[in-house]
Amino acid sequence: ANWAIQPRRHRLGAYKFNRPAAASSYGGHRPKKLRILMTQLTGIGIAAHDTVALSQSELAAIVADFPTLATPARDGGRLAYLDSAATSQKPNCVIDTVTEFYERSNGAAGRSTYELADRATAAWDDARAAVASFVDARPQQLVFTKNATEAINLVALGIGNASQGVAGGDGPLDLNLGAVDEILVTPAEHHANLVPWQILAQRTGAKLRWLELTPDGRIDTNPELLAQAINSRTRVVALTHVSNVTGAITDLEPILAAVRAQERKPVVVLDTCQSSAHLPLSFAQLASAGVDAICLSAHKMLGPTGIGALVATEELLYSLPPVLSGGSMIELVDMERSTYMAPPARFEAGTQPLAQAAGWHSAVDYLRELDLSRSMLNEHELTGQLLEGMNRVEGVRLLGPANTTQRLGVVAFEVEGVHPHDVGQVLDASGVAVRTGHHCAQPIHAHFGLRASTRVSLGVYSTPADVSQFLDALQNVRKYFNR
């Protein structure tokens, strides 16, 4: 059935579904100029916009906004922070906002009528609106979670609950999975977008399937393979927007085209943790193309730790029963049964991370003022500098695309004969901070025949000097171990 939404007044501005007089665009809608749309969403051709890269003086001013970047490295020298794919550094405005919240606005949001509580409630509501707007979504489409991992689990657990008859979902989607159904994932996923779907398959009896990867680690979008993988039995498609190992941007167009071609469209969950701090995302456009949900991680977007978000269509949110239960998500409770609030409150049980939400609001304001289209140009140039320099270092093998086409500044690599942890320690001794290990992505490492790697990743504050410092230090790794 087609459903429309109309506002219903309540303290969190929730929405309910009503049948429309005319058919809505939901379901089999095929947006015009899809190729142009997907080009914008994946960052391809972003430099074609009427914009210019950040100047050196502008970049220096940005670096000055991040106090941690001025912290001396272990050797007492300059710190080159190149681990932004793991967690971003925080600008002064975010740090100040969190501190100011605790000093002036710390109260019980949504639960009292005194002034501090009103300030806390306003900060919470304003943060929801700001973060939603940043990704071109409506406030009622955004559910705050403690991190992006919880956001993905919310969908997987909600579908599992629906499949087991848990009440509370009142939307239009049939989320009841069984043994005849299939869940489609990829080997390029962070464990947070793989393990929950493995567990859902175990709970429901559905079969877990996955797309293959190309030799350079991209998701293989061969039409014949997609036609086999996405079929009438496919109920969920979960995939990454940008790999946290290779930096490859997923070619969404052919995958979403195969999804929309199904009579019963699968639920599509897109992991946007790596892309949301680098690419100007539009959830409205993604949803029109067939994506049902994305996840966000505040600490990768210059914001605080301890908060993330699920951004999803109303159709999906209203169809999901509760996952966490308790205070704040209920309407009426007696000794035998309870009724639940409409989304997003239905999924926000308990006391929420209010100060973190206020800090995230400040972070997205900072990113908006920065203009991701401009910072993307700088990142593109730095990624080219990285790839060119690393290719010159003997014994270094890059994991992922060898050039800057359809990729972000996330570069994992292997140093022949040297364990990644040893690589990281040598780099740290030269003031360079990188990530070592499997990066919560063991299947894609297995694709490259490895158990772990070293990873360098860029942020909006990364500079040519950071890259040069890393490349100089990388030259010394094999020499240090006489390799």
Side-chain angles (χ1 to χ4, degrees), residues 26-31 34 37-38 41-42 148 151-160 162-163 173-178 180-201 203-204 206-213 218-243 248-275 281 283 285-295 310-313 315-317 319-320 443-444:
Y26 175 75
H29 178 58
R30 296 178 182 272
L34 182 60
L37 167 63
M38 290 293 98
L41 291 176
T42 56
I152 296 171
N153 273 273
L154 191 160
V155 179
L157 290 170
I159 294 175
S163 301
L173 303 184
D174 176 11
L175 300 179
N176 183 19
L177 268 63
V180 300
D181 298 314
E182 296 179 353
I183 300 167
L184 185 67
V185 294
T186 87
E189 302 310 309
H190 188 286
H191 295 160
N193 201 30
L194 175 57
V195 178
W197 306 113
Q198 293 174 338
I199 294 175
L200 178 61
R203 289 183 68 188
T204 62
K207 182 179 180 180
L208 187 73
R209 301 187 64 192
W210 50 89
L211 297 172
E212 298 298 332
L213 302 182
R218 293 188 184 275
I219 298 173
D220 195 337
T221 56
N222 178 287
E224 293 184 3
L225 295 178
L226 289 179
Q228 295 173 7
I230 301 175
N231 53 61
S232 60
R233 298 180 298 278
T234 309
R235 301 296 305 280
V236 176
V237 177
L239 71 161
T240 185
H241 193 195
V242 173
S243 167
I249 301 172
T250 301
D251 185 5
L252 294 176
E253 179 182 348
I255 299 172
L256 295 180
V259 164
R260 295 192 307 274
Q262 304 307 310
E263 183 175 350
R264 180 176 61 178
K265 180 187 141 333
V267 172
V268 178
V269 179
L270 186 66
D271 178 358
T272 52
C273 282
Q274 293 300 327
S275 57
L281 298 182
F283 179 68
Q285 293 179 348
L286 282 167
S288 293
V291 174
D292 296 278
I294 64 174
C295 62
L310 172 72
V311 181
T313 63
E315 288 90 343
L316 177 59
L317 289 178
S319 299
L320 290 169
I444 194 169

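Basis for what follows: all heavy atoms, side chains included, without hydrogens, waters or symmetry-related copies.
Between V236 and V155 the shortest side-chain heavy-atom distance does not fall below 4.5 Å. Within the 4.5 Å cutoff, the side chain of I219 has no heavy atoms near those of the D251 side chain. Within the 4.5 Å cutoff, no side-chain heavy atoms of E212 are placed close to those of N222. Two residues are said to be in side-chain contact when any heavy atoms from C-beta on lie closer than 4.5 Å; L184 and L211 meet this criterion. Contact check for D271 versus L239: no side-chain heavy atoms found under the 4.5 Å cut-off. Within the 4.5 Å cutoff, side-chain heavy atoms of L320 are placed close to those of I159.
Among all heavy-atom pairs drawn from P443 and L194, the shortest one is CG-CD2, 3.8 Å. For the pair I152 and P196, the tightest heavy-atom approach, listed with the atom from each and the gap, is CG2-CG, 4.3 Å. Heavy-atom minimum distance, T313 versus A287: CG2-CB, 4.1 Å. Here the closest heavy-atom approach between residue N176 and residue A162 is recorded as OD1-O, 4.5 Å.
A donor-acceptor pair under 3.5 Å is formed between the side chain of S163 and the backbone N or O of L175. Remark: side-chain polar atoms of D292 are paired, donor with acceptor, to backbone N or O of V268 under 3.5 angstrom. A donor-acceptor contact shorter than 3.5 Å is absent between the side chain of R264 and the backbone of R235. Side chain of T272 to main chain of C295: a donor-acceptor pair is present (N/O by atom type, distance under 3.5 Å, no hydrogens or angles).
In this structure T186 satisfies the side chain to side chain donor-acceptor pair (under 3.5 Å) test together with E189, sequence neighbours excluded.
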